[in-house]
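What follows is one structure encoded as structure tokens, with my remarks underneath.
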Amino acid sequence: MPPTELLAPRDQRELVAALARTTDASRLVAGATDWMLGRRAGGNPPDLLIDLSHLHGFRAVGCADRRIRVGALSTCSQLQCDPVLATHARCLAQAAARVGSVQIRNVATIGGNVANASPCADLVTALVALEATATVIDGAGRATERPIAQLFASAGGSALRRDEAILEFAFAGAHPDRRSGFAKLGVRSSVAVARLNAALVVDLDPDGATIAAARLAIGSLAPAAFLAGEVAAPLVGTRIDAACPEEFAHRCLRLVDERIPERSSRAYKRLAIRGLAADLWSAAGAGTP
Ligand SMILES: Cc1cc2nc3c(=O)[nH]c(=O)nc-3n(C[C@H](O)[C@H](O)[C@H](O)COP(=O)(O)OP(=O)(O)OC[C@H]3O[C@@H](n4cnc5c(N)ncnc54)[C@H](O)[C@@H]3O)c2cc1C
């Protein structure tokens, strides 16, 4: 078997040149936390490995044209204490803080979390709630901006082509009074992938208390996280400083019944999602004046 060739592009031009050389046997890698698990499982080594970790230009969070931009190579450790996210997209910072252990978060990237396309990926759920888009570049140098949901194949897994890489994510960040939060349930406290996760984003009226718009994303109930409009919409017009509405928790429970009626984990998830709804409500800074 020929040895794996390694390319480590340092900018977009070098990345495009590397992507142009990919075959079906080639692979991309960023923090390698998921990638190494796949390698340990066996299979042939790739003919070409593109190491994205030197693309330093895509490792930052910024704000331009009323949009927040998050480089795909940003690590979870970076995102969990980023001041822009702390102000405008707390759910994404909180999701990053809940990924794995410190060692994992120091190298795991947001691009890898999305491209790995796990149904329980924590950052994906936050990005879905934020209605994020992703900028993707291919081996011909074509950059396209796509809604996050289009990065996942309908039957699960990634919809990215082998010669495509995610460069950055973007979402609206201009609402003057936005609150958001993330909550998850896992089997262990420190390095557990989620059995259920959720992100809530609410925009408040100028009175600072009445909900003007709400979005809820849920992970682990489908091949990819999705927006649960029927659960979030009735929150509009209610007050953020009230206790977690009983009906909100109940609508979450109904969602479990509808989405996984046959799955063996349904009984556990029915019970757990009520607690998750309450955690989510307080993670979003709701229930307090
Ligand atoms: C012990 C452990 C605990 C974990 N806990 C959690 C958890 O609590 N929550 C959670 O969500 N995840 C968890 N994970 C999964 C993992 O850490 C995350 O999915 C991580 O964000 C992946 O990022 P990475 O940079 O390491 O990706 P890599 O492993 O480098 O890549 C993953 C996949 O994405 C592709 N890829 C990477 N970057 C790009 C890009 N920019 N464009 C296109 N394709 C790309 C690679 O080709 C590969 O197929 C855990 C993993 C481990 C090993």
Side-chain angles (χ1 to χ4, degrees), residues 4 6-9 12 15-16 18-19 22 24-41 43 46 48-59 70-80 91-92 94-128 134-139 143-144 146 148 151-153 157-169 182-199 217 219-220 224-225:
T4 300
L6 178 69
L7 292 176
Q12 193 168 317
L15 173 63
V16 169
L19 291 171
T22 53
D24 285 342
S26 307
R27 296 289 178 267
L28 311 186
V29 70
T33 58
D34 280 322
W35 191 80
M36 279 306 289
L37 295 178
R39 283 302 305 135
R40 280 191 198 144
L48 171 67
L49 185 63
I50 303 178
D51 174 6
L52 304 172
S53 67
H54 299 271
L55 290 165
H56 298 298
F58 298 98
R59 201 181 268 283
V70 181
L73 276 300
S74 306
T75 63
C76 291
S77 294
Q78 244 181 293
L79 300 181
Q80 74 181 80
C91 62
L92 187 55
Q94 289 177 349
R98 299 292 304 276
V99 169
S101 60
V102 176
Q103 293 91 331
I104 295 287
R105 291 194 293 275
N106 281 346
V107 288
T109 65
I110 185 168
N113 197 257
V114 172
N116 193 54
S118 160
C120 54
D122 290 326
L123 303 185
V124 172
T125 303
L127 287 170
V128 169
T135 301
V136 174
I137 196 151
D138 70 12
T144 48
R146 304 176 199 166
I148 185 91
L151 300 191
F152 309 110
S158 172
L160 289 169
R161 293 198 320 259
R162 64 165 162 77
D163 72 332
E164 290 184 325
I166 307 169
L167 295 178
E168 67 172 18
F169 302 93
F182 171 87
K184 87 185 223 186
L185 291 167
V187 278
R188 285 172 294 149
S189 57
S190 58
V191 287
V193 291
R195 287 265 179 109
L196 264 178
N197 63 22
S220 299

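Along the sequence shown, the residues carry numbers beginning at 1. Since this is a predicted model, take the numbers as computed values, not measurements. Just so you know, ligand 1 is whichever comes first in the structure, and atom 1 is the first atom listed for that ligand.
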Arg162 side chain to Thr22 backbone, donor-acceptor under 3.5 Å: yes

Can any side-chain N or O of Arg59 pair as donor or acceptor with the backbone N or O of Gly71 at less than 3.5 Å? no

A student checking ligand 1 against Ala165 at a 4.0 Å heavy-atom cut-off should list atoms 42 (N), 43 (C)

Among Ala32, Gly112, Cys76, Ala121, the residue with a heavy atom nearest to atom 38 (N) of ligand 1 is Gly112

Under 4.0 Å from one or more heavy atoms of Gly31, ligand 1 contributes atoms 24 (P), 25 (O), 26 (O), 30 (O)

Ligand 1 to Asp122, heavy atom cutoff 4.0 Å, flagged ligand atoms 7 (C), 8 (O), 9 (N), 10 (C), 11 (O)

In ligand 1, the atoms that come under 4.0 Å of a heavy atom of Asn116 are 34 (O)

With heavy atoms and a 4.0 Å threshold, my read on which part of Leu52 contacts ligand 1 is side chain

Any Lys184 heavy atom less than 4.0 Å from ligand 1:
yes

Among Ser26, Ala134, Ala95, Gly100, closest by heavy atom to atom 7 (C) of ligand 1 is Gly100

Ligand 1 atoms nearer than 4.0 angstrom to some heavy atom of Ala30 are 25 (O), 30 (O), 37 (C), 38 (N)

The option among Ile104, Leu15, Leu49 carrying the non-hydrogen atom nearest to atom 53 (C) of ligand 1 is Ile104

Any heavy-atom pair between the side chains of Leu151 and Val136 that's under 4.5 Å?
yes

Item to check | Any N or O of Arg27 closer than 3.5 Å to N or O of ligand 1 | outcome: no

* Check for a donor-acceptor pair, side chain of Ser77 on one end and backbone N or O of Arg105 on the other, with a separation under 3.5 Å. => yes

Closest to atom 26 (O) of ligand 1 (heavy atoms only, candidates Leu28, Val29, Thr33) is Thr33

Across all chains, not counting sequence neighbours, the salt bridge (charged side-chain N to carboxylate O under 4.0 Å, His left out) partners of Arg161 are Asp138, Asp163, Glu164

Side chain to side chain contact (heavy atoms under 4.5 Å, CB included) test vs Cys76 passes for just one of Val99, Val107, Thr33, Asn113, namely Val99

Donor-acceptor pair, side chain of Lys184 and main chain of Asp122, under 3.5 angstrom: no

Notebook entry, point to check: Judged by modelled atom types alone, do Ser53 and Asp51 share a side-chain donor-acceptor pair under 3.5 Å?
Noted result: yes

Atoms of ligand 1 under 4.0 Å from any heavy atom of Ala115, numbered from 1 in the order shown, are 34 (O), 35 (C), 36 (N), 43 (C), 44 (N), 45 (C)

Original post:
Between Asp34 and ligand 1, does any nitrogen or oxygen pair lie at a separation below 3.5 Å?
Top reply: yes

With sequence neighbours left out, the residues meeting side-chain hydrogen bond (donor to acceptor under 3.5 Å, both in side chains) with Glu168 are Arg69

Ile110-ligand 1 polar pair, N/O distance under 3.5 Å = no

With heavy atoms and a 4.0 Å threshold, my read on which part of Arg98 contacts ligand 1 is backbone

- Item | Test item: Thr109 side-chain N/O and Gly31 main-chain N/O as donor-acceptor pair under 3.5 Å | no

